[in-house]
Amino acid sequence: MRLRYLQLRVLAGLIDVIVVYVPVVVLAILFLHANFRTADILGQLGFVIYNIILITSNQGQTLGKKIGREYVLVNDEMPNKALIAGIREVTKAIYFLPFVGWLFGLISIILCAFTGRMIHDYFGNSTVVLEKNLMNVQK
């Protein structure tokens with residue numbers, strides 16, 4: 001069960017990266033003639049803003065989480081404040097760090113395999129639950 005949950009979490013994250021980060025980087029390089037580092041920073045900024053907006057306005061779901069039927073809960077409630085979601089989402093920038101981002105990503109995946117929460121979940125005081133388990137949390 002936990003392996004399936006981990007797979008859904010990673011898939012949802014990859015979907016969000018493909019939908020937002022990659023296009024922003026490509027557009028910044030093509031149209032703004034930005035170097036890769038600048039385009040990377042713009043992509044990260046776009047990714048964080050996208051996550052904050054959707055998590056706060058879309059019942060705790062980004063596009064990837066909607067496809068995976070996952071919800072972000074902060075203290076067992078849907079996040080409704082941008083600051084709370086912002087802390088969680090800004091922490092995801094560690095996965096984009098040069099040279100060590102992959103290491104933080106690997107640690108996060110291993111942590112999720114054992115505890116069900118990733119690094120950014122701990123910093124944002126949040127939990128991601130599957131739709132089928134959402135009713136159990138709200139009771």
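Basis for what follows: all heavy atoms, side chains included, without hydrogens, waters or symmetry-related copies.
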CD1 on Ile94 to OG1 on Thr91, rounded to 0.5 Å: 7.0 Å

Do Val10 and Leu106 share a hydrophobic cluster (ILVMFWY, side-chain heavy atoms under 4.5 Å, transitive)? yes

Give the intermediate values and the outcome of side chain to side chain contact (heavy atoms under 4.5 Å, CB included) for residues Gln7 and Leu3. CA-CA 6 Å; Gln7 290 172 335; Leu3 180 61; 4.1 Å; yes

If you measure from CG on Leu8 to CZ on Arg69, what distance do you get to the nearest 0.5 Å? 10.5 Å

Does the Glu70 side chain pair with the main chain of Arg9, one donor and one acceptor, at a distance under 3.5 Å? yes

More than 12 heavy atoms from other groups under 6.0 Å of CZ on Phe123: no

Value rounded to 0.5 Å, distance of CD1 in Ile15 from CG in Leu11: 4.0 Å

Derivation and outcome, side chain to side chain contact (heavy atoms under 4.5 Å, CB included), residues Val128 and Leu73: CA-CA 6 Å; Val128 175; Leu73 302 178; over 6 Å; no

For Cys112 and Met118 the tightest heavy-atom approach is CB-CG, 3.7 Å

Under a 3.5 Å cutoff, is there a donor and acceptor pairing between the side chains of Thr115 and Tyr122? yes

Under 3.5 Å, is there a donor-acceptor pair linking the side chains of Asn51 and Thr62? no

Between Tyr95 (side chain) and Phe104 (backbone), is there a donor-acceptor pair under 3.5 Å? no

Are Leu6 and Leu111 in one and the same hydrophobic cluster, where Ile, Leu, Val, Met, Phe, Trp and Tyr link if side-chain heavy atoms are under 4.5 Å apart? yes

Pairwise distance CG(Leu45) to CG(Asp40) - rounded to 0.5 angstrom: 11.0 Å

With clusters defined by side-chain heavy atoms of hydrophobic residues (ILVMFWY) lying less than 4.5 Å apart, directly or transitively, does Ile107 cluster with Ile109? yes

Given 3.5 Å as the limit, does a donor-acceptor pair link the side chain of Arg2 with the main chain of Phe114, or not? yes

Quick one: do Val17 and Val25 end up in the same hydrophobic cluster if we chain Ile, Leu, Val, Met, Phe, Trp and Tyr together by side-chain heavy atoms under 4.5 Å apart? yes

So does Lys92 pair up with Asp121, basic N to acidic O under 4.0 Å? no

Given the rule that I, L, V, M, F, W and Y join up when any side-chain heavy atoms are under 4.5 Å apart, are Val20 and Leu63 in one cluster? yes

For the backbone of Ile119 and the side chain of Ser108, can you confirm whether one donor and one acceptor N or O come within less than 3.5 Å of each other? yes

Closest contact, heavy atoms only, Ile18 versus Val22: O-CB, 4.0 Å

Test side chain to side chain contact (heavy atoms under 4.5 Å, CB included) on Gln44 and Leu97 and set out the steps. CA-CA 10 Å; Gln44 291 176 38; Leu97 289 173; over 6 Å; no

Point-to-point distance, once rounded to the nearest 0.5 Å, from NZ of Lys66 to CG of Asp16: 12.0 Å

Is a donor on one side and an acceptor on the other found under 3.5 Å between the side chain of Thr38 and the backbone of Ala34? no

Which heavy atom of Gly60 sits nearest a heavy atom of Lys65, and at what distance? O-CD, 4.1 Å

Quick one: do Gln61 and Val72 satisfy side chain to side chain contact (heavy atoms under 4.5 Å, CB included)? Show the steps, please. CA-CA 7 Å; Gln61 289 185 304; Val72 175; over 6 Å; no

Inspect the surroundings of CZ in Arg117 and state if more than 12 heavy atoms from other residues, nucleotides or ligands are less than 6.0 Å away. yes

Close aromatic pair by centroid cut-off 6.0 Å: Tyr21 and Tyr50: no

Contact summary for Ser126 and Val74, nearest pair of heavy atoms: CB-CG2, 4.0 Å

Taking side-chain contact (heavy atoms from CB on, under 4.5 Å) as the criterion, tell me which of Ile29, Leu27, Val24 meets it with Leu42. Val24

